[in-house]
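Scroll down for the structure; my scribbles are underneath it.
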There are 4 protein chains.
Amino acid sequence: MDEKREVHASVKDERLVEKRRNEMIRGAVTLFKQKGFHRTTTREIAKAAGFSIGTLYEYIRTKEDILYLVCDSIYDEVRLELEDMDLERGTLESLTLGVAHYFQVMDRMQDEVLVMYQEAKSLSKDALPYVLKKEFEMVAMFEKLIQRYVENREHQFQESQIHLLAQNIFVQGQMWGFRRWALQKKYSIKEYTKLQTELLLEGIRGFENSARTGGDR
Amino acid sequence: MDEKREVHASVKDERLVEKRRNEMIRGAVTLFKQKGFHRTTTREIAKAAGFSIGTLYEYIRTKEDILYLVCDSIYDEVRLELEDMDLERGTLESLTLGVAHYFQVMDRMQDEVLVMYQEAKSLSKDALPYVLKKEFEMVAMFEKLIQRYVENREHQFQESQIHLLAQNIFVQGQMWGFRRWALQKKYSIKEYTKLQTELLLEGIRGFENSARTGGDR
Amino acid sequence: MDEKREVHASVKDERLVEKRRNEMIRGAVTLFKQKGFHRTTTREIAKAAGFSIGTLYEYIRTKEDILYLVCDSIYDEVRLELEDMDLERGTLESLTLGVAHYFQVMDRMQDEVLVMYQEAKSLSKDALPYVLKKEFEMVAMFEKLIQRYVENREHQFQESQIHLLAQNIFVQGQMWGFRRWALQKKYSIKEYTKLQTELLLEGIRGFENSARTGGDR
Amino acid sequence: MDEKREVHASVKDERLVEKRRNEMIRGAVTLFKQKGFHRTTTREIAKAAGFSIGTLYEYIRTKEDILYLVCDSIYDEVRLELEDMDLERGTLESLTLGVAHYFQVMDRMQDEVLVMYQEAKSLSKDALPYVLKKEFEMVAMFEKLIQRYVENREHQFQESQIHLLAQNIFVQGQMWGFRRWALQKKYSIKEYTKLQTELLLEGIRGFENSARTGGDR
DNA sequence: TATGAATGAGGTTTCATTCAT
DNA sequence: TATGAATGAAACCTCATTCAT
């Protein structure tokens with residue numbers, strides 16, 4: 001479930017690799033937030049991580065590896081946070097709680113998400129799929145959440161409908177971060193969550209009706 | 001309505017400045033699409049524009065100026081396209097047509113929008129507001145579109161509700177481009193438009209109801 | 001007759017390219033003589049050539065290009081020197097003069113030849129053939145010199161015999177430079193030339209005899 | 001007869017030093033053959049030798065030490081091979097056998113010889129004399145071989161003549177390796193040996209005659 | 001106004017060597 | 001004695017910008 005792209009390290013001690021990479025990622029994220037990937041130098045990353053440039057390169061092969069590690073770790077963290085989301089029950093409560101929880105995580109990690117959003121395109125053709133896969137899996141969680149809810153209400157949606165609702169939730173979570181200048185002046189995260197949730201539920205209700213009445217109006 | 005940030009040019013002939021800058025922008029957009037802002041060199045831009053590096057610098061002061069010009073011109077183009085949107089009538093038709101038209105433009109200009117999306121953060125603190133202002137104005141168009149529609153139906157929404165609906169429309173248009181790998185496999189632009197419009201209308205209906213019943217359910 | 005491997009230059013003015021490259025080569029040869037190719041930095045070369053590192057890279061693409069240009073120019077210089085060698089007459093005099101002249105050039109250019117000798121292996125697989133070709137052509141000159149001489153004496157050598165004699169001459173010229181520590185203590189270039197020429201002529205005589213008597217003794 | 005330059009080792013056990021250094025040399029030669037001294041890293045050498053970089057540096061002080069050890073060991077091996085050459089008898093047979101044997105060794109060890117040839121100049125001023133001395137001693141063997149042969153034939157050569165013949169033999173042996181691309185396409189080692197031997201004998205005969213007739217012709 | 005050669009700061013990466021364990 | 005993680009000087013090369021023509 002968690003296939004990673006191999007990033008070569010010269011150092012053999014796996015535990016150490018993990019530790020150093022975490023230091024590296026923490027430093028890199030801070031810098032990427034401030035200046036973006038391209039304007040951040042490897043030397044700065046090494047310094048922020050607390051070791052020398054030589055040491056940095058014992059744990060990665062290229063600067064782009066760092067970007068990959070950063071993106072990967074951000075997704076891992078988000079996923080870890082969402083791990084206890086209740087995908088099965090399918091109640092209204094589990095749906096709204098799931099969305100609220102996701103939005104909260106997006107609020108807390110908005111800097112990280114922003115980084116990923118803007119820099120992911122700098123990933124090599126090689127690394128991109130691994131990151132996209134994680135996105136895909138997260139969207140799939142929302143699909144399931146919706147699917148169960150709808151089933152519980154004894155409805156049947158087309159896959160394309162569920163998929164779109166899930167995509168919308170996913171992007172609306174990220175929006176909160178990457179359009180903060182527009183949204184966070186007007187709403188608290190709570191308000192934002194409430195409104196978007198309302199819209200989501202209306203959307204579902206609408207799809208239910210259009211299914212019953214047999215389509216277009 | 002169309003305040004521009006001054007970009008210094010050594011050349012005095014305004015007509016010429018305009019012409020050269022357009023050549024520049026066209027070349028730059030092509031390159032930015034392929035390789036992003038940072039991986040594109042000024043020399044490449046000059047070449048793509050059809051003049052020498054020296055000439056390029058007669059019309060701008062820094063590389064970042066080019067990015068600003070590009071972003072600015074993309075927004076101008078989008079705005080120009082949406083100019084004849086009917087914001088006043090407030091019918092269901094004018095609403096759905098407006099959204100559909102916007103989505104179509106986003107479909108046609110998805111590369112440009114993607115560029116802007118990913119590179120705007122490289123704009124200087126100085127230039128950013130000018131670009132954000134244009135975004136803001138576009139969102140305002142959708143707000144008006146919705147506002148009129150709702151008024152026509154003799155409803156009264158809170159500003160925060162309208163604002164959110166407008167933001168959603170705006171982002172859903174961009175999504176089509178920046179999440180193309182996820183969306184364009186599953187939907188045609190027509191299907192996508194139809195589904196999102198359905199959700200939008202359900203959302204509006206929902207807000208109407210909650211206004212009438214006086215709030216939370 | 002003088003196919004060159006293209007070395008890319010950003011600068012377009014061919015005359016300038018030629019001029020700057022010559023400055024570059026002169027500087028590089030001096031440095032390579034002292035410290036070898038690998039221990040010489042591109043910055044040192046730029047400095048020795050009298051321009052900045054940036055300018056250096058306007059005229060080449062990689063450090064290895066410099067090595068190629070150096071090797072190529074050394075061979076060109078040697079060849080230019082040997083241009084008026086009389087390959088046709090086939091007299092004893094033209095043979096001995098030819099060899100003597102070659103040895104003299106090798107004496108004068110011993111540093112350059114030494115450089116080429118020791119560094120040529122650092123040329124890329126790509127560039128090597130171009131350099132070897134020039135060597136090959138020089139050996140061919142000696143083959144012709146010998147061939148004509150032998151013909152004049154109404155003899156017929158096997159190609160393998162002529163080839164070996166030519167290779168020996170060629171290497172003995174280079175030896176004078178790359179084994180200087182052993183040879184130049186004991187001989188002046190004149191003595192060295194005289195002795196090697198004597199051996200060459202004896203060798204030819206010997207091959208003539210073995211041809212007449214029909215081979216092995 | 002076999003003075004070595006001290007190469008410092010931290011490890012005291014002489015037997016171990018010898019063993020480790022041999023492993024090191026074997027690994028290094030393989031690598032130097034492929035990529036040359038400068039392009040081979042100390043880490044690669046350590047790995048090829050079967051121990052860690054830390055251990056490597058217990059047995060040498062600098063990378064250049066390895067080059068010295070390699071050169072030294074190659075010469076030792078050549079010398080060992082030539083040990084049973086019959087320098088005393090002075091017959092035609094012992095002369096031709098001696099040369100043939102040397103050429104055979106050069107054929108077998110051509111890679112090693114090539115390495116030495118191209119990298120020896122990277123030895124420090126400090127180490128070079130030790131290596132040159134060994135070369136010198138080998139040339140001296142050929143001098144003796146020729147000297148005895150000439151004496152047997154009741155001739156008296158000048159030292160400069162003998163020295164040159166010996167240098168020629170020595171270099172012609174190495175040529176076989178370092179000009180392999182030119183020679184090994186045309187000759188087998190047997191043919192090459194036969195031809196060069198013929199030339200050598202003619203040279204000797206020529207010197208005998210010129211001695212008898214008293215000089216230049 | 002147009003050109004393009006020149007500049008050099010600064011980027012990423014390598015690798016010989018050290019030293020604590 | 002053996003290990004291998006850590007170091008940082010220094011290598012190669014790029015590219016935004018300038019300026020003489």
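Numbered from 1 within each chain, the chains take letters A, B, ... in sequence-line order. None of these values were measured; they are calculated from a predicted model. Values below: every heavy atom of this structure, side chains too, minus hydrogens, waters and symmetry copies.
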* Asked: Can we say B/Lys121 and A/Glu119 salt-bridge, meaning some charged N sits less than 4.0 Å from an Asp/Glu carboxylate O?
  -> yes
* If only atom types and distance count, is the side chain of D/Tyr68 paired as donor or acceptor with the main-chain N or O of D/Arg5 below 3.5 Å? -> yes
* Find the distance C/Lys47:NZ to F/dA11:C1' and express it as a whole number of Å. => 17 Å
* Look up atom CG in A/Leu67 and atom NE2 in A/His38, then write down how far apart they are to the nearest 0.5 Å. => 8.5 Å
* Asked: A/Tyr130 and A/Asp72: side chain to side chain contact (heavy atoms under 4.5 Å, CB included), yes or no, with the steps?
  -> CA-CA 8 Å; A/Tyr130 287 84; A/Asp72 195 61; 5.6 Å; no
* Structure fact -> In short, A/Val115 meets A/Val29 closest at the heavy-atom pair CG2-O, 4.5 Å
* Structure fact -> Residues in residues 30-46 of chain A with a heavy atom under 4.0 Å of DNA chain E, by number, are A/Thr40, A/Thr41, A/Thr42, A/Arg43
* Heavy atom of residues 9-22 of chain B under 4.0 Å from DNA chain E: which residues? -> B/Ser10, B/Val11, B/Lys12, B/Leu16, B/Arg20
* **Of residues 49-71 of chain D, the positions that come close to DNA chain E - non-hydrogen atoms, cut-off under 4.0 Å** => D/Ile53, D/Tyr57, D/Thr62, D/Lys63
* To do: For the pair A/Lys134 (side chain) and A/Cys71 (backbone), establish whether a donor and an acceptor sit closer than 3.5 Å, ignoring hydrogens and angles.
  => no
* Asked: Is the C/Phe51 ring parallel, tilted or perpendicular to the C/Tyr59 ring (thresholds 30°, 60°)?
  -> tilted
* Structure fact -> Here the side chain to side chain donor-acceptor pair (under 3.5 Å) pairs for residues 13-22 of chain C, sequence neighbours left out, are C/Arg20-C/Glu23
* Do the ring planes of C/Phe32 and C/Phe37 sit parallel (below 30°), tilted (30 to 60°) or perpendicular (above 60°)? -> perpendicular
Would you tabulate the side-chain donor-acceptor contacts of residues 41-49 of chain D under 3.5 Å, counting partners in other chains and residues two or more places apart, or write 'none'?
unit_1  : atom_1 : unit_2  : atom_2 : d
D/Thr41 : OG1    : D/Glu44 : N      : 3.1
D/Thr41 : OG1    : D/Glu44 : OE1    : 3.4
D/Arg43 : NH2    : A/Glu58 : OE2    : 3.2
D/Glu44 : OE1    : D/Lys35 : NZ     : 3.1
D/Glu44 : OE1    : D/Thr41 : N      : 2.8
D/Glu44 : OE2    : D/Lys35 : NZ     : 2.5

* Spacing of D/Glu77 atom CD and D/Ile74 atom CD1 [to the nearest 0.5 Å] -> 8.0 Å
* B/Ser122 versus B/Glu64, closest heavy-atom pair with distance -> O-CG, 3.8 Å
* DNA chain F in dot-bracket, Watson-Crick or G-U pairs under 3.5 Å, [ ] crossing, | other strand? -> .||||||||||||||||||||
